Amino acid sequence: MVLKKSLAVAGLLMTMALGAQAADKVLIGAFDVGPGGNPQKFNPLTASAGFTWYNKYFNTLALYDANFERISGDLAQGWSVSPDGKAITFNLRKGVKWHDGKPFTSRDVKFTLDLVRNPDLGSVFAPRLDSVTGITTPDPQTVVLTLSEPNTPILDTLTNLMIVPEHQLSGISVKDLRNADWWRASPVGTGPFKWSKYEADQYVELVANPDYFRGRPKLDKLINRYYKDGGAAAIALQAGEIQFSYLTMDQVKESQKNGAFKVVSGASQVLNYLGFNNAEPRFKDVRVRQAMMMAIDRASIVKSLYGGQAVLGNCIYTQKQYVAGDLNPYAYNPAKARQLLAEAGWSSIKGEPLELLTYYGDQLSKDVVATLQAQLADVGVQVVPRFLDGPGFSRVVDSGRFTLVFAGGGNGPEPDTLAPLLDSAYAPPKGLNRMRVALPELDKLFDEGRQETQAAKRPEIYKNICRVTNAKLPWGPLWVSHRFGGIGNKVQNMVWTPAPGGGRYQDNAETWSIQ
Amino acid sequence: MPAFLLKRLLVSLPTFLAILALVFVLVNAAPGDPVDAFVPPGQSLSLEQKEMLRHEMGLDRPLPVRFGLWLAQVARGDLGYRYKDGEPVYRTIMSRVPATLMLTFAGLGLGAVLGVALGLVAARRPHGKLDFALSLLAYLGISGPAFLLGILAMYVFALLLGWFPTAGYATPGDGSWQDVLHHLVLPASVLSIQFIAILMRYTRSSVLEVQSQDFMRTASAKGLSRTQALLSHAFPNALIPIVTVIGANFSALIGGAVFLETVFSWPGMGTLFIDGVETRDYPLIMGITLFMAVAILAVNVLTDVIYAWIDPRISLR
């Protein structure tokens, strides 16, 4: 018995010694920490976040570059749009294999798109594919989408849609597929890494896919570690236990002098706004909304609370090409705000204090909300903050029984991303326009932008949307903040940038390495 | 003994049902449901899609009906499925039990041994310097919330000193028992702090009370040293209140573990429970509640049995 044990120990030691000789290149990161993450949810077709991780083992048809300037092919080599804009033909990459060795073909693309459009799956992408009337596969390398009307933003949607294998999933009913074991036990993709194992609440391990179409990854293993508490992940990053994590601004400040990692930052592409319930009678008069904008010292908030790491927005867009030059800047002017409120007869209509709902629970947001409350009170608008978690917030706002929210909405890279939140055709219960915005001129402009197939002509349309939202203030636009990630000093070639819901850009994970 | 156990079980049953009903009502009263939790607030499903999902999950039925259905299901030995990913609740809970038991019992063991030992030390010379110092530490331990101490401990012992890993159950790719033990030390120690503090105070006062009794004077009269008298006469007689405190604090310990598991990313029932609450995963929340209630009940019965064992005057009827 003793002999057996010592033999086992000796064997173990030898294995460890061998392991040390041919050291595996392993990168461990907390890829699902922060607002872009979707920890331990593995069905990418029902997800609205976590794409950074999904595209380590799945692929999409198209992807943005890391600066979010243009979309280029991933599983698709390229595509062409018909002159009337109602058909898009995708040419697929040749020689791509699924992780189980079967060839990837146009049938898989059709299967995935049909799956997403099936209401039984409950996918958030389904409404964005409403204009698709047909999907044909003339040959294994070609997919043709026919549309009821031109739809330029559909390419943006495809940067989110992971293509899944028909031969693995066609036997499972769509209802069962939503939560099938397959996603967390043995998913098969086409990406640079292959699924290896999942330890619940601990980590997911992927191994290099030697047959990846861009070449075998330099890393042998990529591990996604789960942290229920983002603070613990930041400490683990400083201690060198992990090589990547999302970081809050406070964590960045605390760790400025560390020698373990470097901080990368970028615009979050999430517009923070003061959401007015447009059906609320007290907000009917635009002067009330203008006064509230002028009561808020946004420049100081960005400077002192966000440490300058945010960009002011005077309309719903903040990307240069969509921001018109002739906007009302709503500069801080409490005297003017009081005057506007007096003109609108605020003292006679104000009623009960306005409840300001938010789902943000971090300290920075709490400080922001407290500042908003104080500055609005200063001009005579009484606001009472109410903090809810995500599900609670959704329930209250869906019901329509609310007045004011402090929230965020992705405003890029595709400007049409905001259409479902502001177009009256998407009014609840059918859609997501939860602020009950109803501005016919805005609806018309969004339709124009969506149907414009010439890239050069689109910015002018969205500049007009910018002007309308600046003048009419269906939302009170505030700012777009920066977000941060920390990449360990031992890591080479890693590309990361914040994006709403994470991922969606070409990060060339096959070239990532570690010393 | 069997009659006693049966009686205890029957007496507990109404309490048990009341706990379950209360938790069921409370989790359902929190705004938002699993469908709302399905997607983040910024980008959501339309109300129409949500209503369809609600109907499918049976969430559109009246609350009492749903509670009744759930009880009937549990009576058949089925805890249902998680809304989040469709995994069976029973299997999910069972896979987290070992980690939680390991953490809880490590905290309990460490706390009991150190708490009692320090209590005895403090009682040896009451109102001395050592007693005073220990009392001060105990107050700090009792008033410091475990999650705060957890982050502090992580900062000092994992980051600054580098003695222990920051968080988690095992190093990915390792997972040997030494590795797990190495990960266990920090959370278990933090978990035990409050317990040590409480137990130390109780042990001290309980021993001091016993020391004023006649038989203690007899013990010193027959020539036993202070320490000998303390260990062989005072301590055994002071055990009943100590065991009560250990038993009664077991539930508090489990409660502390819930938050501490989150801080240390410990893959146990606490982490699972918080995840369940965040996603409004009713079957999971109810399953864990049921499990915890059973565990606490079992510990209470066990405490009664131990009473009878350490004090023959108590009989279980």
Side-chain angles (χ1 to χ4, degrees), chain A residues 26 28 35 40-43 46 48-49 119 122 124 126-127 175-176 178-181 183-184 199-203 205 221 223 225-229 231-233 235-236 238-239 241 270 359 388-398 407-410 426 428-432 434 500-501, chain B residues 30-53 56 81-87 92 95-96 99 147 151 154-155 158-159 162 165-173 175-176 261-268 271-272 274-275 277-280:
Chain A
V26 182
I28 306 177
Q40 306 195 67
K41 290 187 193 157
F42 297 113
N43 181 347
T46 58
S48 48
V124 287
K175 264 200 176 108
D176 291 337
R178 193 162 68 210
N179 280 328
D181 264 332
W183 302 107
R184 59 178 170 270
E199 293 284 346
D201 289 345
Q202 297 186 53
Y203 61 91
E205 181 186 275
K221 283 180 184 172
I223 292 173
R225 242 184 123 151
Y226 296 121
Y227 290 87
K228 199 77 191 146
D229 180 90
I235 293 180
Q238 284 195 52
E241 281 171 39
V270 172
Y359 51 83
L388 288 170
D389 65 357
F393 178 89
S394 292
R395 173 51 70 87
V396 174
V397 175
D398 272 350
Y426 290 90
K430 247 189 80 117
L432 313 173
R434 292 153 130 188
Chain B
D33 67 14
V35 179
D36 293 313
F38 189 53
V39 281
Q43 16 187 264
S44 72
L45 291 174
S46 73
L47 263 182
E48 268 182 355
Q49 264 178 310
K50 283 186 175 180
E51 287 312 324
M52 214 172 68
L53 287 172
E56 215 177 279
Y81 297 87
R82 282 181 86 172
Y83 287 147
K84 180 180 166 182
D85 55 15
E87 258 201 287
T92 311
S95 69
R96 309 308 201 277
F147 63 90
I151 291 181
M154 200 188 288
Y155 185 74
L159 185 59
T166 44
Y169 180 79
T171 313
S176 62
E261 280 187 5
T262 316
V263 172
F264 283 98
S265 306
W266 191 257
T271 302
L272 190 67
I274 300 281
D275 192 45
V277 172
E278 279 171 357
T279 54
R280 303 290 192 276

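Keep in mind that what you see is a predicted model, and the values were worked out from it rather than measured. Computed over heavy atoms, backbone and side chain alike; hydrogens, waters and symmetry mates excluded. To find a chain, count down the sequence lines: A is the first, B the second, and so on, and within it residues start at 1.
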Task: Which atoms of Asp176(A) approach chain B - backbone, side chain, both or neither, heavy atom under 4.5 Å - done: neither
- [ ] Among Val270(A), Asp201(A), Val397(A), single out the residue with the greatest number of heavy-atom pairs under 4.5 Å to chain B.
- [x] Asp201(A)
Open item on the list: If we ignore hydrogens and angles and just use 3.5 Å, is the side chain of Arg280(B) paired with the main-chain N or O of Pro31(B) as donor and acceptor?
Closed with: yes
- [ ] Give, as side chain, backbone, both or neither, the part of Glu278(B) having an atom under 4.5 angstrom from any heavy atom of chain A.
- [x] both
- [ ] Among Asn43(A), Asp229(A), Ile235(A), single out the residue with the greatest number of heavy-atom pairs under 4.5 Å to chain B.
- [x] Ile235(A)
Task: Nearest atoms (heavy-atom pairs only) where Pro34(B) meets Tyr83(B) - done: CG-CD1, 3.1 Å
Open item on the list: Between Pro127(A), Ala180(A), Pro35(A), Ala200(A), who has the most heavy-atom pairs with chain B when the cutoff is under 4.5 Å?
Closed with: Ala200(A)
Open item on the list: Take a 6.0 Å sphere around CZ of Phe42(A) and say whether it holds more than 12 heavy atoms from other residues, nucleotides or ligands.
Closed with: yes
Open item on the list: Less than 4.0 angstrom from a charged side-chain N to a carboxylate O is my criterion; do Arg96(B) and Asp275(B) meet it?
Closed with: no
Open item on the list: What part of Gln238(A) gets within 4.5 angstrom of chain B, counting heavy atoms only: side chain, backbone, both, or neither?
Closed with: both
Task: Structural part of Glu87(B) lying under 4.5 Å from a heavy atom of chain A - done: both
Task: Closest-packed option against chain B by number of heavy-atom pairs under 4.5 Å, given Glu199(A), Lys175(A), Glu205(A) - done: Lys175(A)
Open item on the list: Using a 4.5 angstrom heavy-atom cutoff, name the option from Thr262(B), Thr92(B), Leu272(B), Ile274(B) with the most pairs to chain A.
Closed with: Thr262(B)
Open item on the list: How close do Ala158(B) and Ala239(A) get, counting heavy atoms only, and between which atoms?
Closed with: O-CB, 4.4 Å
Task: Nearest-0.5 Å distance, CD of residue Glu51(B) to CG of residue Asp398(A) - done: 9.0 Å
Task: Any Asp33(B) side-chain heavy atom under 4.5 Å of Arg395(A) side chain - done: yes
Task: Interface moiety of Ala30(B) toward chain A, non-hydrogen atoms closer than 4.5 Å - done: neither
Task: Among the listed options Trp266(B), Phe264(B), Tyr169(B), the residue most often paired with chain A at heavy-atom distances under 4.5 Å - done: Tyr169(B)
- [ ] Answer with side chain, backbone, both or neither: which region of Lys221(A) has an atom nearer than 4.5 Å to a non-hydrogen atom of chain B?
- [x] neither
Open item on the list: At a 4.5 Å cut-off on heavy atoms, which part of Ile223(A) comes close to chain B: side chain, backbone, both, or neither?
Closed with: side chain
Task: Distance (rounded to the nearest 0.5 Å) between Tyr81(B) OH and Asn179(A) CG - done: 12.0 Å
TODO: Quick one: closest heavy-atom pair of Arg225(A) and Ala167(B), and the distance?
DONE: NH2-O, 3.1 Å
- [ ] Measure distances from Gln40(A) to the heavy atoms of chain B and classify the residue's part below 4.5 Å as side chain, backbone, both or neither.
- [x] both
Task: Tyr227(A) portion near chain B, given a 4.5 angstrom heavy-atom threshold - done: both
Open item on the list: Rounded to the nearest 0.5 Å, what separates atom CD in Glu261(B) from atom OG1 in Thr271(B)?
Closed with: 4.5 Å
Task: Taking every non-hydrogen atom, the tightest pair across Pro500(A) and Gly410(A) - done: CG-CA, 4.3 Å
Task: Side chain, backbone, both or neither of Ala407(A) within contact of chain B (heavy atoms, under 4.5 Å) - done: neither
- [ ] Mind ranking Gly162(B), Pro172(B), Gly32(B) by heavy-atom pairs under 4.5 Å with chain A and telling me who comes out on top?
- [x] Pro172(B)
Task: Region of Ala99(B) in contact with chain A, defined by heavy-atom distances below 4.5 Å - done: neither
